[in-house]
Amino acid sequence: MSETQREWLRRNRFGLLALPLVAALAVAANGIRLDDDWWNTGLRSSTSGTQGEFVRYQQGYTDALGRTSRTLKVRVDGIREVTEIPQEYGDPIAVPSGMKALEVGLSFEADPEQSIYGCQLALRDSRGVRYEFAATLANLRQNDPSPCHPLEQPGPKPPVFAGQDRETVPGEERPPTWTASPIVFVPPDAQITQVLMWWEKPEFLRVKASVS
Amino acid sequence: MLRGGATTVLVIAALAAGRAVTDAMPNDLGTQRASADPFVVQGVVGERTALRYADVTVVAARPALGIKGLYGTDTTPGHLLLVDLEIQAHDEPVVLGGYSLLAQDGRRYHADRRWPIGRIPTGVTWHVTPVFEVPADAIEGAVLEVAKGQDWWAQRRDHVLHVDLGLDAAAAQGFAASRDVVAPNEDPLNGPRIEPIGQVPDE
């Protein structure tokens, strides 16, 4: 190495030392897009449980009043095939041909003050395909806004505007324990292995389960 | 001093060259660049095409002048073009917000929002029928586009399906002459009723 080269390296030593760090920072500054466009758009971060056992699920989230959280306990009691779909009014409806209807038995425990409203439910099969509640047919008892609370007693709904309270509509108070039995449509050959439940992505609850 | 000046000139020249390369890239919508362009897949009527998020089959295109609504028949001073599709979502339910008809003159017609298409569920073949309200000269050579959304941001670096509907001049004339009244597709599980249910009377 010549004298001039050494001199150049010496003169630029701080810049050269900072270069890898600055390059890394430039890449990391763009990393927020991974968060917005990828991480937060799917189900990524799970709390796991097993069929027949209560699993505690806690999630922090932000509503119109600010940061809060929900805590509840869920148990997947079982999944069974049903041949007709009970309706709130009128006769039950037959399962459409080419599909299988699975009823997911769920037990819940939660403080009546906790907002459980707006939950989503899905079954996942051995190939990783997700079958979502209410995805298939709006008219087959699938119009409940949430499969996770008693239809008439949702408990507190999240405030939509600042200034509203996280309070329950009188008469819609939720009991401390309850059960639900949402129905999900899957193809006849699907091997169901998991029950998924989520509110705000990317966090979700994943319970190992199978059809009995 | 002279070397410093030469370096400055070199840096500016490099920046200019970079900008020239960026500008020379294909730029369809004014906002698109090679780094944002979708992956366009060419499909064929009657054949299933696999996209990243769903399999899509164009069954057929059919004409109409009116669609039966809640309160009588909705008609148009132009023409209606319906495209029957069969879609199988892959791993999770998917919303396809980008059903467009690309006319030969470069115009893009969005599917009419009076007949919205919801989320495509998994595990079942879903029959949907986007409806396009178009002028007569948009029918010949029309290409159907199916994508996750209408704007470039929603299509960014993702699959977009283009299917030439195969409508030549004679077929386009036939479509434009149609006075059929059809039923809206209300049964995505079993598919729409294809046969016309009436005719719009001549005025």
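Chain letters run A, B, ... following the sequence lines, proteins first and then strands; every chain starts at 1. Atoms considered below: every heavy atom in the structure, side chains included; atoms not considered: hydrogens, waters and symmetry mates.
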Quiz item: More than 12 foreign heavy atoms under 6.0 Å from CZ of Arg19(B): is that the case here?
Solution: no
Quiz item: Measuring from Arg124(A):CZ to Thr122(B):OG1, what's the distance to the nearest 0.5 Å?
Solution: 11.5 Å
Quiz item: Hey, is CD on Gln191(A) packed in by over 12 heavy atoms from elsewhere, all under 6.0 Å?
Solution: no
Quiz item: What are the residues of residues 57-91 of chain B, in order of number, with any heavy atom under 4.5 angstrom from a heavy atom of chain A?
Solution: His90(B), Asp91(B)
Quiz prompt | Arg13(A) atom CZ: more than 12 heavy-atom contacts under 6.0 Å | solution = yes
Quiz item: Mind checking which of residues 20-48 of chain A sit less than 4.5 Å from chain B, heavy atom to heavy atom?
Solution: Arg33(A), Asp37(A)
Quiz prompt | Over 12 non-hydrogen atoms of neighbours within 6.0 angstrom of CG in Asp91(A) | solution = no
Quiz item: If you take all heavy atoms of Arg130(A) and Pro93(B), which pair is closest and at what distance?
Solution: O-CD, 3.7 Å
Quiz item: Does NZ in Lys208(A) sit with more than 12 non-hydrogen atoms of other residues, nucleotides or ligands closer than 6.0 Å?
Solution: no
Quiz item: Are there more than 12 heavy atoms of other residues, nucleotides or ligands under 6.0 Å from atom CD of Glu152(A)?
Solution: no
